K.L.:
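Take this structure, written in structure tokens, and hold onto it; I'll ask about it next.
In this text the structure is predicted, and so the values were computed from the model without any measurement.
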Amino acid sequence: MSTAILTGQPVPGSSIEGDLRSLGFDVRVAADPADAETLLAQVPADRRVAVVDARFVGHLHALRLGLTDPRFPLAAVPGAVTARPEGRRELTRAVARENSAGGGTALAVDSLADRIVTALEADGADVHRPELGSLVAAVPVDPQARNEARQAVADVDDEAVRLKSAVKARDGFFTTYCISPYSRYIARWCARRGLTPNQVTTASLLTALIAAGCAATGTRAGFVAAGVLLIASFVLDCTDGQLARYSLQYSTLGAWLDATFDRAKEYAYYAGLALGAARGGDDVWALALGAMILQTCRHVVDFSFNEANHDATANTSPTAALSDKLDSVGWTVWLRRMIVLPIGERWAMIAVLTAVTTPRITFYVLLVGCAFAATYTTAGRVLRSLTRRATRTDRAARALADLADNGPLAQFVAKWRSPNTRFYPGSPLLVAAIGVVVLATAVFSGDPWAAVGGAVIYTATSGLALSQPLKGALDWLIPPLFRAAEYGTVLVLAADADVNGALPAAFGLVAAVAYHHYDTVYRIRGNAGAPPAWLVRSIGGHEGRTLVVTVLAAALTAAQFKVSLTVLAVAVALVVLVESIRFWVSAHKGGAPAVHDEGEPA
């Protein structure tokens with residue numbers, strides 16, 4: 001249980017003790033600063049502790065934002081400061097300074113909690129101060145100021161502010177106007193019944209899987225039900241994040257589940273549509289796999305660009321300035337958010353098309369729409385990169401190398417290449433692009449052994465491309481290039497096999513590998529580093545898997561190739577899923593910092 005230490009002169013009729021207890025704090029009262037230091041030392045080191053001025057006047061939600069958010073080691077609002085276990089040392093040191101003869105903190109600050117915050121910041125500690133907006137948090141110094149503060153509290157509906165802040169500040173048009181107006185109330189309903197965001201996330205996944213099952217029936221009634229259930233799944237998908245914001249229930253495991261399940265829901269639905277079409281005699285597995293590949297590559301573009309630039313110095317661009325200027329014109333904001341087909345617009349489109357058309361038409365529209373969105377976003381990021389005068393950091397280069405997913409073969413080539421060798425172009429992107437072009441030409445030639453030769457060259461260029469730091473302006477394009485090359489090779493070779501079941505097996509293999517690549521992104525985003533080296537080696541890296549698939553296609557019959565793709569898909573899925581689940585569950589149990597991702601990949 002968390003502990004709150006009340007300091008200062010008690011005020012008759014104050015609700016502060018009750019408010020703190022309603023937030024889950026065990027309240028203790030300190031007679032003076034020295035007593036507060038003693039009480040602080042008695043609180044177990046693995047508990048959250050807060051120091052709150054007894055004269056505090058404000059909204060309950062202001063206290064909740066300041067004292068219960070699990071993402072920050074240290075946080076404060078006027079009149080209150082809190083520390084999680086990882087911030088206890090700094091808090092203890094600051095309190096000790098306030099009780100020492102030469103603390104050095106301005107004594108003009110009357111509130112002990114505020115003096116502690118001043119001392120923390122003087123020590124260089126990072127104290128989170130939540131944006132309160134219209135919420136009130138104050139320590140009145142006289143009765144008149146107290147009455148004015150109480151009136152200000154009465155003038156603002158605390159619950160209305162809390163509901164509004166539960167909705168993501170920047171979201172798509174469909175989500176903002178068609179989902180959030182009522183999903184926030186579902187989130188509040190869930191909070192009042194003790195449901196957690198992870199439970200709602202799981203319910204969203206189950207709903208989407210049922211939707212995929214309905215689509216797999218191949219009947220018109222099944223397609224209509226699938227469309228309705230897909231929208232219901234998206235409502236729950238919005239609700240879990242709103243519930244997390246409403247009740248401040250953030251966690252590392254929750255962020256991973258939310259991101260992972262989004263991908264699982266969408267790609268499982270693609271498979272359901274393909275199965276439903278097959279029941280009606282229409283084979284659209286190639287379209288389903290193509291849609292998954294295109295969507296995954298779009299995400300990798302987003303991830304790579306963000307990792308390459310989020311901590312770059314001198315991070316300015318005329319293109320970015322133009323984008324900011326366009327954002328000042330209201331209608332362009334919504335238009336630009338809609339044309340990139342974010343998850344809300346995309347799922348709404350898929351749901352409607354499923355209900356009123358056929359799976360083939362659904363995939364055609366999805367592929368065209370996502371291709372346009374991918375062209376638009378990638379072109380804009382290329383322009384920003386070319387016009388941006390920025391210096392890439394070592395961390396960004398490392399993140400791009402991890403996203404590239406080079407395996408043991410490419411790593412051997414990178415180590416073999418001498419730093420003084422000049423027999424190939426110096427640009428990593430150019431080297432990678434040459435390898436991808438050679439591989440694509442060989443795969444599309446129709447000669448299976450030519451594809452093997454192309455994969456060998458692709459393996460060599462992959463190693464050469466990453467034999468130097470990826471700090472070029474456009475080097476963030478290398479990971480999506482590798483994704484397109486690997487996934488596209490599997491698609492083309494499975495389609496060329498022309499045997500029943502080859503494309504579904506290829507869909508399973510790409511889905512398993514894509515999960516590994518998404519998992520890499522989520523680990524990097526959570527500052528947990530890339531997956532362990534043994535995992536990358538055991539599943540071969542992108543170049544190793546590409547080479548293996550081409551060899552299997554050349555050496556085996558079509559039926560044997562289908563079986564080998566199935567076995568490979570199961571093996572990769574088992575390895576990456578077991579390691580991923582082990583890692584995230586252990587990170588959650590080990591007290592990893594809570595995470596909540598406000599971003600939304602397209």
K.L.:
Between Asp302 and Arg298, does any side-chain N to carboxylate O distance fall below 4.0 Å?
P.N.:
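Salt bridge: no.
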K.L.:
Okay, side chain of Arg245, backbone of Lys164: is any donor-acceptor separation there less than 3.5 Å?
P.N.:
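Not a single qualifying donor-acceptor pair exists.
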K.L.:
Any non-hydrogen side-chain atom of Val77 less than 4.5 Å from a side-chain atom of Arg64?
P.N.:
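Sidechains of Arg64 and Val77: no contact.
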K.L.:
Is there a side-chain contact between Val167 and Gln242, using heavy atoms and a 4.5 Å cut-off?
P.N.:
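With C-beta onward as the side chain, the pair touches.
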K.L.:
Please find out if less than 6.0 Å separates the ring center of Phe261 from that of Trp256.
P.N.:
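For Phe261 and Trp256, the ring centres are not under 6.0 Å apart.
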K.L.:
When you check the side-chain N and O atoms of Thr175 and Ser180, is any donor under 3.5 Å from an acceptor?
P.N.:
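On atom types as modelled, these side chains do not qualify, holding no pair under 3.5 Å.
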K.L.:
Is the NZ or CZ atom of Arg337 both under 6.0 Å from the centre of the six-membered ring of Phe173 and within 45° of that ring's axis?
P.N.:
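Not flagged: Arg337 not positioned over aromatic ring of Phe173.
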K.L.:
If only side-chain N and O atoms count, and only distance matters, is there a donor-acceptor pair under 3.5 Å linking Ser165 with Tyr246?
P.N.:
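No.
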K.L.:
Anything under 30° is parallel, anything over 60° is perpendicular, the rest tilted; go ahead and classify Tyr518 against Phe303.
P.N.:
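Perpendicular.
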K.L.:
In the structure I gave you, are the side-chain heavy atoms of Val49 and Leu40 within less than 4.5 Å of one another anywhere?
P.N.:
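Touching, per the 4.5 Å side-chain cut-off.
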K.L.:
As an exercise, state the distance from OG1 of Thr82 to CZ of Arg48, rounded to the nearest 0.5 Å.
P.N.:
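Going from the OG1 atom of Thr82 to the CZ atom of Arg48 covers 4.0 Å.
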K.L.:
Can you name the closest pair of heavy atoms from Cys238 and Ser183 and give their distance?
P.N.:
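Heavy atoms of Cys238 and Ser183 come nearest at CB-OG, 4.3 Å.
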K.L.:
Output the distance between atom CH2 (Trp347) and atom CD1 (Ile350), rounded to the nearest 0.5 Å.
P.N.:
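Reported to 0.5 Å precision, the distance equals 8.0 Å.
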K.L.:
Supply the atom-to-atom distance Leu205 CG to Lys265 NZ, rounded to the nearest 0.5 angstrom.
P.N.:
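Answer for the CG-NZ pair, Leu205 versus Lys265, is 7.0 Å.
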K.L.:
Roughly how far, to the nearest 0.5 Å, is CG of Asp158 from CG of Leu63?
P.N.:
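Interatomic distance, Leu63 CG to Asp158 CG, rounded to 0.5 Å: 9.5 Å.
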K.L.:
Any chance you could measure Phe234, atom CZ, to Phe174, atom CZ, to the nearest 0.5 Å?
P.N.:
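Nearest 0.5 Å value for the CZ-CZ distance: 6.5 Å.
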K.L.:
Would you mind reporting whether Leu60 and Ser22 have side-chain heavy atoms less than 4.5 Å apart?
P.N.:
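Yes, side chains in contact.
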K.L.:
Check this for me: does any side-chain nitrogen of one of Arg162 and Asp157 sit under 4.0 Å from a carboxylate oxygen of the other?
P.N.:
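Between Asp157 and Arg162 there is no salt bridge, as every charged N stays at least 4.0 Å from the carboxylate O atoms.
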K.L.:
Looking only at heavy atoms, which two atoms of Ala137 and Pro78 are closest? And how far apart?
P.N.:
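Closest heavy-atom pair between Ala137 and Pro78: O-CB, 3.4 Å.
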K.L.:
Is it the case that the side chains of Thr260 and Tyr515 hold a donor-acceptor pair, with the cut-off being a distance below 3.5 Å and no angle test?
P.N.:
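On atom types as modelled, these side chains do not qualify, holding no pair under 3.5 Å.
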K.L.:
Would you please say whether a donor-acceptor pair under 3.5 Å links the side chains of Trp476 and Glu307?
P.N.:
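Their side chains do not contain a donor-acceptor pair, so the 3.5 Å distance test is not met.
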K.L.:
Measuring from Asp237:CG to Ile343:CD1, what's the distance to the nearest 0.5 Å?
P.N.:
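Asp237 atom CG to Ile343 atom CD1 measures 5.0 Å (nearest 0.5 Å).
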K.L.:
When you compare the side chain of Thr3 with that of Arg28, does any pair of heavy atoms fall below 4.5 Å?
P.N.:
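Result yes, sub-4.5 Å side-chain heavy-atom pair found.
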K.L.:
Specify the closest pair of heavy atoms between Leu474 and Ser385, including all atoms of both residues, with the distance to one decimal.
P.N.:
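Scanning both residues, the minimum pair turns out to be CD2-CB, 3.7 Å.
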K.L.:
Which heavy-atom pair separates Ala149 from Val136 by the least distance, and what is that distance?
P.N.:
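Nearest pair, atom of Ala149 first, then Val136: O-CG1, 4.3 Å.
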K.L.:
Within 45° of the axis and under 6.0 Å from the centre of the six-membered ring of Phe72, does NZ or CZ of Arg84 qualify?
P.N.:
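Output no; distance or angle outside limits.
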K.L.:
Which atom names give the shortest non-hydrogen contact between Leu243 and Ala187, and what distance separates them?
P.N.:
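For Leu243 versus Ala187, the nearest heavy atoms are CD1-O, 3.4 Å.
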K.L.:
Name the one of Val95, Thr7, Leu74 that satisfies side-chain contact (heavy atoms from CB on, under 4.5 Å) with Ile116?
P.N.:
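Going through the options one by one, the only one that passes is Val95.
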K.L.:
Would you please test Asn147 and Gln151 for side chain to side chain donor-acceptor pair (under 3.5 Å) and show each step?
P.N.:
CA-CA 6 Å; Asn147 289 334; Gln151 184 59 48; over 6 Å; no
K.L.:
Can you find a pair of side-chain heavy atoms, one from Arg97 and one from Asp123, that are under 4.5 Å apart?
P.N.:
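In short, these two side chains touch, coming nearer than 4.5 Å.
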K.L.:
Asp240 and side chain to side chain donor-acceptor pair (under 3.5 Å): which single residue from Asn198, Thr201, Thr196, Thr202 fits?
P.N.:
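When side chain to side chain donor-acceptor pair (under 3.5 Å) is applied between Asp240 and each of Asn198, Thr201, Thr196, Thr202, only Thr201 qualifies.
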K.L.:
Go through it in stages, so that I can follow the logic: the residues are Glu159 and His61, the test is side-chain contact (heavy atoms from CB on, under 4.5 Å), and I'd like the CA-CA distance, side-chain angles, deciding distance and then a yes or no.
P.N.:
CA-CA 8 Å; Glu159 181 62 18; His61 192 51; over 6 Å; no
K.L.:
I'd like to know if Asp519 pairs up with Arg523 as an ion pair, taking the criterion as any Lys NZ or Arg NE/NH1/NH2 lying under 4.0 Å from an Asp or Glu carboxylate oxygen.
P.N.:
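Arg523 and Asp519: salt-bridged.
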K.L.:
Is the shortest heavy-atom distance from the side chain of Ser134 to the side chain of Val161 under 4.5 Å?
P.N.:
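In short, these two side chains touch, coming nearer than 4.5 Å.
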K.L.:
State, yes or no, whether a side-chain contact exists between Thr239 and Arg184 at a heavy-atom distance under 4.5 Å.
P.N.:
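The answer is no, as the side chains (C-beta and beyond) never meet within the 4.5 Å cut-off.
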K.L.:
Do Asp69 side-chain atoms and Leu65 backbone N/O form a donor-acceptor pair below 3.5 Å?
P.N.:
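Side chain of Asp69 to backbone of Leu65, a donor-acceptor pair under 3.5 Å: no, none is there.
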K.L.:
Give me the atom names and distance for the closest heavy-atom approach of Pro130 to Ala76.
P.N.:
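The answer is CD-O, 3.4 Å.
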